[in-house]
Amino acid sequence: MKPYICIFVKCIVAFFVVFHIAPAQPQAAASQNPVDWVNPLMGTDSKFELSNGNQYPVIALPWGMNFWSPQTGKMGNGWLYQYSADKIRGIKQTHQASVWIGDYGQFSLMPVTGSLKVDEEERASWFSHKAEVVKPHYYSVYLADHDVTAEVTPTERASKFRFTYPETDSAYLVIDAFDNGSFIQIIPEERKVIGYTTKNSGGVPENFRNYFVLTFDKPFTYAATYDSIQKQSGLEFTGNHAIGVIAFQTKRGEKIEASVASSFISHEQAEQNLAELGDDGFDAIKAKGEAIWNKELGRIAVTGGTDAQLRTFYSCLYRVLLYPRKFYEYDADGNRIHYSPYNGQVLPGYLFTDNGFWDTFRAVFPFFSLMYPSLTGQIMEGLVNTYKESGWLPEWASPGHRESMIGSNSASVVAEAYLKGARGFDINTLYEALLKNSENEGPLSSVGRRGVNYYNELGYVPYDVGINENAARTLEYAYDDFAIYRLAKALGRPANEIDRFAKRANNYKNLFDPTSGLMRGKNKDGKFQAPFNPFKWGDAFTEGNSWHYSWSVFHDVQGLIDLMGGKDNFTAKLDSVFTLPPVYDESYYGIVIHEIREMQVMNMGQYAHGNQPIQHMTYLYNFAGQPWKSQYWVREVMDRLYHPGPDGYCGDEDNGQTSAWYVFSALGFYPVCPAMDQYVIGSPLFETATLMLENGNHLIISASENKAANRFIHGAKLNGKPYTKNWISHSDVINGATLELNMADKPNKNRGIDEADFPFSLSKDEQ
């Protein structure tokens with residue numbers, strides 16, 4: 001293609017990206033550079049009252065230790081970047097995994113010209129999205145008040161900055177180490193600034209620090225330190241809020257490069273991490289980052305689909321590849337070491353963090369088990385270290401244990417990893433940790449199992465014993481016990497131990513209320529709690545109501561069907577989720593929480609896809625002989641609740657989970673029960689999808705005649721042979737497979753209706 005034609009095409013694509021306009025005609029294939037389809041601004045148009053993702057643009061490498069983001073919010077504000085904002089306060093290093101969890105390891109850089117302003121309000125500059133470039137590996141923004149263009153491109157533990165200043169003798173750079181305890185030292189003779197920040201939101205020992213180092217390619221003409229807005233007498237300051245200021249004399253258009261790195265271990269280790277940059281300049285680091293993202297995103301190639309579908313798919317895939325964060329570093333000898341956020345020591349080996357298993361056990365870790373088994377093994381090795389250093393497995397780590405969410409879903413994460421083939425870690429130690437969880441409460445209610453004695457004795461956590469979200473805990477513990485049961489069998493554990501967890505996996509039945517046909521809290525005396533309002537959020541459930549949590553029987557859908565009175569009653573109940581009005585009772589919270597509002601405004605009845613408990617529900621028709629309804633509703637959710645713009649999600653994008661649902665669903669299948677080796681079939685978005693697996697094999701999904709109107713599967717072949725099942729196995733996939741689907745605009749109600757075609761259920765398949 002001629003250069004001027006390339007420029008014209010890129011301009012047209014850029015126009016579509018900026019104004020969120022999708023061409024009417026489907027694209028033939030995704031770009032050879034899939035990073036070009038990613039919009040890191042997807043999900044950034046959010047606020048406390050309504051989440052369209054609750055995300056910020058993450059500028060990082062996959063699973064990178066450090067993230068960078070423009071900062072529009074005030075220091076300490078969880079909404080650090082909001083698409084609707086007008087001003088930027090700095091380019092911030094961040095480790096924020098959730099607005100609800102908060103940040104740590106944070107500092108920022110902000111160029112300033114004219115009269116020096118260090119206060120974040122005064123130094124903030126107007127900006128426009130029209131003068132902003134946002135890529136996973138690169139960010140650029142024009143800061144209008146200072147006539148400066150700021151750019152950043154990262155490695156895993158370091159980054160390059162580039163500032164293009166006007167002609168001035170007062171080209172300042174403000175380095176803000178934030179409040180609550182920080183340090184800055186400016187070393188002009190080395191063109192260097194070092195410092196540390198201690199600001200965090202919890203989950204760290206008393207000796208926690210994030211050390212940083214910056215070096216520049218131009219000498220300073222001015223240097224000063226501040227405590228907040230108070231100028232200090234020297235070039236070194238330790239106090240509540242350390243800020244460093246350096247300045248340069250610049251010609252118009254002059255570019256100044258800064259090399260930046262940080263460490264949780266020491267300043268010396270930060271210098272070691274700076275070596276990731278080598279002798280490369282800004283453009284070379286940017287090119288390497290682009291290549292890394294293209295490699296990871298390019299492991300899945302899709303053809304067909306609209307521009308919007310391609311952009312949504314790769315934007316979601318980008319989010320899946322960000323967490324859990326690598327929390328380990330390399331010493332001078334190339335050994336992996338990590339600062340432990342659990343005991344404050346520097347120890348050898350892997351460690352990963354910034355993950356809430358309540359969210360991610362559902363689809364993120366199944367995606368890693370499918371596409372990244374080696375990474376999964378490293379994450380498991382990191383979990384071994386977490387257990388050794390803290391005595392518990394993490395359920396929500398950021399960077400250490402956090403008091404957030406419920407469940408004991410590390411059981412699913414560990415069991416699935418091992419059962420699907422990840423190796424290279426001490427599974428026996430992890431199994432020991434799972435056994436400990438199953439019998440003990442932890443020092444925080446989010447680790448171990450709160451209410452475990454009641455659960456083990458009665459078969460449920462009672463409603464009336466002062467333990468909140470008790471029904472949700474019971475349902476999740478039952479699934480987690482199924483995961484342990486499967487792992488125990490694989491490890492050849494004693495029969496009585498295997499039987500114990502098999503029995504506990506049926507505890508979900510103890511909360512089924514035949515009167516309402518839904519799950520319901522139960523008192524210690526065995527009576528159901530009353531009065532019962534199935535539309536009441538919270539209380540016995542977690543960020544949802546009974547209509548959402550009643551489907552949380554991932555491992556035994558047939559058992560749930562039996563409780564509900566058979567397949568017809570079951571599918572009618574599923575239908576009701578979409579036809580009921582979006583009424584709610586928010587009295588448990590005292591306010592309408594954002595998850596409630598997101599359900600209400602989506603016009604899908606009681607279906608609350610913006611939160612995790614119900615996300616698998618659309619696939620459950622496959623267990624009751626009506627797979628065409630799964631095909632219909634999965635497409636409805638993808639088409640109506642996702643798009644690649646700033647408001648592109650229908651609720652929180654939590655550590656990749658809401659994105660992973662879309663990635664799996666767009667490919668055409670979903671891991672309803674992660675601890676089993678089956679993927680339940682839905683309705684793929686693309687004509688073809690090719691998954692390049694780590695072992696060198698390929699999974700190819702071909703959907704002939706696929707388009708918006710043709711969402712139903714008329715027929716299927718697996719490896720050239722007719723295929724009627726509503727699922728495909730993990731073993732078939734990883735051995736390399738071709739799944740051919742013939743799509744049509746009318747459902748085939750004769751396919752996938754026999755019991756033999758249904759996915760696994762504990763009560764049916766393993767008595």
Side-chain angles (χ1 to χ4, degrees), residues 20 39-58 67 69-74 76-85 94 96-103 134 201 312 315-316 318-320 322-323 354-356 358-360 362-364 396 398 402 404-406 537-538 541-545 548-549 582 584 586 588-615 617 637-663:
H20 314 303
N39 181 14
L41 295 179
M42 180 177 171
T44 60
D45 188 11
S46 299
K47 55 187 177 181
F48 176 84
E49 296 83 3
L50 185 73
S51 172
N52 290 308
N54 265 339
Q55 280 301 324
Y56 57 91
V58 173
F67 292 175
S69 176
Q71 178 190 348
T72 65
K74 293 182 179 180
N77 188 337
W79 285 265
L80 68 90
Y81 178 98
Q82 290 178 291
Y83 188 81
S84 58
T94 175
Q96 180 173 292
S98 164
V99 299
W100 313 110
I101 290 293
D103 206 349
V134 192
S201 302
T312 303
S315 297
C316 286
Y318 145 80
R319 289 283 173 189
V320 176
L322 293 174
Y323 300 100
D354 286 331
N355 218 257
W358 184 83
D359 303 290
T360 56
R362 304 165 195 269
V364 174
W396 227 121
S398 182
R402 300 297 294 274
S404 183
M405 306 313 293
I406 68 157
W537 282 62
F541 301 98
T542 300
E543 295 181 0
N545 62 32
H548 307 144
Y549 251 98
Y584 56 84
E586 80 283 14
Y588 174 77
Y589 299 106
I591 61 170
V592 178
I593 62 174
H594 74 92
E595 291 92 345
I596 295 175
R597 190 69 72 204
E598 289 141 21
M599 178 197 76
Q600 182 194 26
V601 301
M602 292 304 162
N603 193 26
M604 294 186 77
Q606 286 291 314
Y607 185 70
H609 189 82
N611 210 24
Q612 281 68 36
I614 204 171
Q615 287 182 351
M617 172 235 145
V637 174
M638 286 191 284
D639 290 347
R640 292 166 58 178
L641 303 188
Y642 290 80
H643 73 88
D647 62 341
Y649 293 102
C650 58
D652 281 358
E653 203 308 289
D654 287 312
N655 303 145
Q657 169 55 32
T658 301
S659 290
W661 184 94
Y662 186 92
V663 169

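Quick caveat: nothing in here was measured; it's all calculated off a predicted structure. Each residue takes its place number in the sequence, starting with 1.
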Fill in: Separation between CD of Gln55 and CG of Leu41, rounded to the nearest 0.5 Å
11.5 Å
Worksheet item: To the nearest 0.5 Å, what is the distance between CD1 (Ile614) and CE (Met604)?
Response: 9.5 Å
Worksheet item: Can you list the residues that meet the side chain to side chain contact (heavy atoms under 4.5 Å, CB included) rule with Ser201, with sequence neighbours excluded?
Response: Arg402
Fill in: Pairwise distance CG(Asn54) to CH2(Trp100) - rounded to 0.5 angstrom
5.5 Å
Worksheet entry | Check: Glu653 side chain, Gly656 main-chain N or O, donor-acceptor pair, under 3.5 Å | yes
Discussion item. Under the rule for side chain to side chain donor-acceptor pair (under 3.5 Å), what residues qualify as partners of Gln82, not counting sequence neighbours?
Written reply: none
Worksheet entry | Closest non-hydrogen atom pair, Met599 against Pro582 | CE-O, 3.7 Å
Discussion item. Once side chain to side chain contact (heavy atoms under 4.5 Å, CB included) is applied, do any residues pair with Ala97, and if so which ones, sequence neighbours excluded?
Written reply: Tyr323, Asp354, Trp396, Ser398, Asn655
Worksheet item: Is the closest side-chain donor-acceptor distance between Ser46 and Tyr649 under 3.5 Å?
Response: no
Discussion item. Quick check for you: to the nearest 0.5 Å, what is the distance between Ser51 atom OG and Glu595 atom CD?
Written reply: 8.0 Å
Worksheet item: Do Arg319 side-chain atoms and Pro40 backbone N/O form a donor-acceptor pair below 3.5 Å?
Response: yes
Worksheet item: When you measure from the side chain of Gln96 to the backbone N and O of Gly78, does any donor-acceptor pair fall under 3.5 Å?
Response: yes
Worksheet item: Which is it for Arg362 and Trp661 under the side chain to side chain contact (heavy atoms under 4.5 Å, CB included) test, yes or no, and what are the steps along the way?
Response: CA-CA 8 Å; Arg362 304 165 195 269; Trp661 184 94; over 6 Å; no
Item to complete: Please assess Ile591 against Glu586 for the test side chain to side chain contact (heavy atoms under 4.5 Å, CB included), listing each intermediate value before the final yes or no.
Response: CA-CA 6 Å; Ile591 61 170; Glu586 80 283 14; 5.9 Å; no
Worksheet item: Of the non-hydrogen atoms in Tyr588 and Trp537, which two are nearest, and what is the gap between them?
Response: CB-O, 3.4 Å
Item to complete: Report the residues that fulfil salt bridge (charged side-chain N to carboxylate O under 4.0 Å, His left out) with Asp103, sequence neighbours left out, ordered by chain and then residue number.
Response: Lys92
Worksheet item: Who pairs with Tyr662 by ring pair (Phe, Tyr, Trp, His ring centres under 6.0 Å), at least two apart in sequence or on another chain?
Response: Tyr642
Worksheet item: Which distance, rounded to the nearest 0.5 Å, do you find between the CG of Leu80 and the OG1 of Thr72?
Response: 7.0 Å
Fill in: Any Asn52 side-chain heavy atom under 4.5 Å of Glu598 side chain
no
Worksheet item: If we ignore angles and hydrogens, is there a donor and acceptor under 3.5 Å between the side chains of Gln606 and Asn545?
Response: yes
Fill in: Those residues that, when tested against Glu49, pass side chain to side chain contact (heavy atoms under 4.5 Å, CB included) (two or more places apart)
Lys47
Fill in: Listed partners of Trp358 passing ring pair (Phe, Tyr, Trp, His ring centres under 6.0 Å), at least two apart
none
Worksheet item: Where is the tightest heavy-atom contact between Tyr549 and Thr542, given as atom of each residue plus distance?
Response: CE1-O, 3.3 Å
Worksheet item: Yes or no on side chain to side chain contact (heavy atoms under 4.5 Å, CB included) for His594 and Phe48, after CA distance, side-chain angles and deciding distance?
Response: CA-CA 7 Å; His594 74 92; Phe48 176 84; over 6 Å; no
Discussion item. Met602: which residues meet the side chain to side chain contact (heavy atoms under 4.5 Å, CB included) condition with it, sequence neighbours left out?
Written reply: Leu641, Cys650
Practice prompt. Show your working on side chain to side chain contact (heavy atoms under 4.5 Å, CB included) between Arg597 and Tyr584 and close with a plain yes or no.
Written response: CA-CA 9 Å; Arg597 190 69 72 204; Tyr584 56 84; 3.4 Å; yes
Fill in: Listed partners of Thr312 passing side chain to side chain donor-acceptor pair (under 3.5 Å), at least two apart
none
Fill in: Contacts of type side chain to side chain donor-acceptor pair (under 3.5 Å), residue Asp647, not counting sequence neighbours
His643
Worksheet entry | side chain to side chain donor-acceptor pair (under 3.5 Å) against Gln615, all qualifying residues, sequence neighbours excluded | Gln657, Thr658
Worksheet item: Do any N or O atoms from the side chain of Ser315 and from the backbone of Asn39 form a donor-acceptor pair under 3.5 angstrom?
Response: yes
Worksheet item: How far does OH of Tyr56 sit from CZ of Phe67, to the nearest 0.5 angstrom?
Response: 5.5 Å
Discussion item. Please find the pair of heavy atoms, one from Cys316 and one from Ser659, that lie closest to each other, and give the distance.
Written reply: O-CB, 3.3 Å
Item to complete: Ignoring hydrogens and angles, tell me if any N or O in the side chain of His548 forms a donor-acceptor pair with the backbone of Gln612 under 3.5 Å.
Response: no
